[in-house]
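Down below is the structure, laid out as structure tokens.
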Amino acid sequence: GAGAGSVASSVFGDVVLVTGASGALGGLVARHLVRGHGVGRLLLVSRRGADAPGAVELAAELSALGARVEWAACDVADREALAGLLAGRSFSGVVHAAGVLDDGLIGSLTPERVGRVLRPKADAAWYLHELTRGMDLSAFVLFSSAAGVLGGPGQGNYAAANAFLDGLAAHRRAQGLPAQSLAWGLWATQSGMGGELVEGDRERLERAGMAGLSPGQGLELFDVAGASAAPVLVPMNLDARTLEADELPPLLRGLVRGASARRAVSAHNAGGAGALRQRLAGLSADERHEELLTLVRTHAAAVLGHAGPEAVEPERAFKDLGFDSLGAVEFRNTLNSATGLRLPPTLIFDYPTARVLAEHLVTEVAPDEDDGGASDHEERIRRLLGTIPLTRLRDAGLMDTLLELAGVSSATTAEPVPEQDSIDAMDTEALISMALRETDLDDAARRD
């Protein structure tokens, strides 16, 4: 509002440096500093400067509002280049909005990928701190991210870079210097880092209760933050209804209705796993498998944004269904909650299809089986073996072994040895059943 703008105007003064000015947030803030805060002179900095898309138009727009605008092409993570740009200049305010994303799980983050994210955030912020500390600044605002406060799957490098900005703000305040780090939540912009998110990423954040900030909401929070004395703030748009339903990061638990709400969430998760085990206890082996297959397909469909489990083909590899590394982690986490297990992050690679994963869950989730359960298990093995074509058994060199197990080549067998033609005429189930029957007899004889 106008009141907040007038307060912030006295904080920023008349000459402001904006880094990352060609990005979506940098451009929004540059306009807001002129329109809402009366800033008269802007030095807009990005790697491409005036050659960046939209840079000329932005300068013309701000000039029409009465501001003096200068674009500069500079890598602010290069201390020597930044020092050259700032030499002989003086500012009343700094807004550091530069940054890039390079998301990936920890195991995939090489030093190069970490450095790519740290440079424009952390390195540039430190150089701005060093090179402007002799100026009479009234504002030093760092655009950080909630990822550094709450964490985020696949954003270890980005979280570290932004946590550094939060620490730098506290460090400057301890030295009596102006500083504020704004750990932004998601912005609902169609360009910049918010615009780089694919639909699945947005849905994942929304399920966590983090909706996007509209430009108007974000700039309003920018003004409110400017009136606060806190060195680090987290401006974000939270859906309280989702926060009550999902497992929360520890720092957000105070936003729901006290400890009772947290106990309700925990009870719901525990009850889900317990109820699943009770359902499985009353089912046959085949029914247990089908129940868990439906569970796997349902959770996979939810993570992938499909309407229902029928969209997840049981025999199709997860990687071919559209899972990325972040989706795989979310899928593992939801199955952990539903089953009460501690499944590995590499779940979809260890068990690559819904059917194979369901087979694994049967062994992990199904209750201990009694003798009847053992019979079901044996029957299931017989049935699975019965699906193997004879040609595959022969090509794999297993035919002779099965015949030997069945005793058909032994001179002591009580039954005549089948001719080769009669063996080939037998179906797989009959052949394997004969082998298993003879094996059972041998086991019984050894026990006796």
Review point. Just by distance, do the side chain of Thr19 and the backbone of Ala97 share a donor-acceptor pair under 3.5 Å?
Key: yes
Rounding to 0.5 Å, atoms OG1 (Thr346) and OH (Tyr351) come to a distance of 8.0 Å
*Is the CG atom of Asp320 crowded by more than 12 outside heavy atoms at less than 6.0 Å?*
yes
Of all heavy-atom pairs linking Ala77 and Asp123, the shortest is CB-CB, 4.3 Å
One should read off an interatomic distance between Leu292 CG and Thr339 OG1, to the nearest 0.5 angstrom, of 9.0 Å
### Message
Would you say that more than 12 heavy atoms from the other residues, nucleotides or ligands in this model lie under 6.0 Å from the CZ of Arg31, or not?
### Response
yes
Query raised in the report: So, the side chain of His32 versus the backbone of His37: is there a donor-acceptor pair under 3.5 Å, distance only?
Result: no
When Leu280, Val365, Leu293 are each screened for side-chain contact (heavy atoms from CB on, under 4.5 Å) with Arg288, the one that passes is Leu280
Shortest non-hydrogen pair, Ala338 vs Leu295, comes out as CB-CD1, 4.2 Å
Q) Are Pro231 and Arg172 close enough that some pair of their side-chain heavy atoms sits under 4.5 Å apart? A) no
*Within a radius of less than 6.0 Å around CD of Glu310, do more than 12 heavy atoms belonging to other residues, nucleotides or ligands occur?*
yes
Taken to the nearest 0.5 Å, the spacing of Leu335 CG from Arg342 CZ works out to 14.5 Å
Margin query: Main chain of Leu213, side chain of Asn237: is a donor-acceptor contact present, judged purely on distance under 3.5 Å?
Written below: no
Taking every heavy atom of Pro344 against every heavy atom of Asp350, the minimum-distance pair comes out as CG-OD2, 3.7 Å
Correct closest heavy-atom pair for Pro235 and Ala183 would be CD-O, 3.5 Å
Minimal heavy-atom distance between Leu44 and Ala30, with the atoms involved, is CD2-CB, 4.0 Å
query = Looking at Phe222 versus Phe12, is the centre-to-centre ring distance below 6.0 Å?
reply = yes
Discussion item. Check this for me: Arg355, atom CZ, are more than 12 non-hydrogen atoms of other residues, nucleotides or ligands nearer than 6.0 Å?
Written reply: yes
*With distance as the sole criterion, is a donor-acceptor pair present between the side chains of Ser181 and Asp166 under 3.5 Å?*
yes
Within the structure provided, determine whether His171 and Trp126 are in side-chain contact (heavy-atom separation under 4.5 Å). yes
| said: Quick one: does any side-chain atom of Lys121 pair with a main-chain N or O of Phe143 as donor and acceptor, under 3.5 Å? | reply: yes
Within a strict 4.5 Å, meaning less than it, do heavy atoms of the Phe323 and Val303 side chains meet? yes
Residues Arg297 and Ala354: closest non-hydrogen pair is CG-CB, 4.0 Å
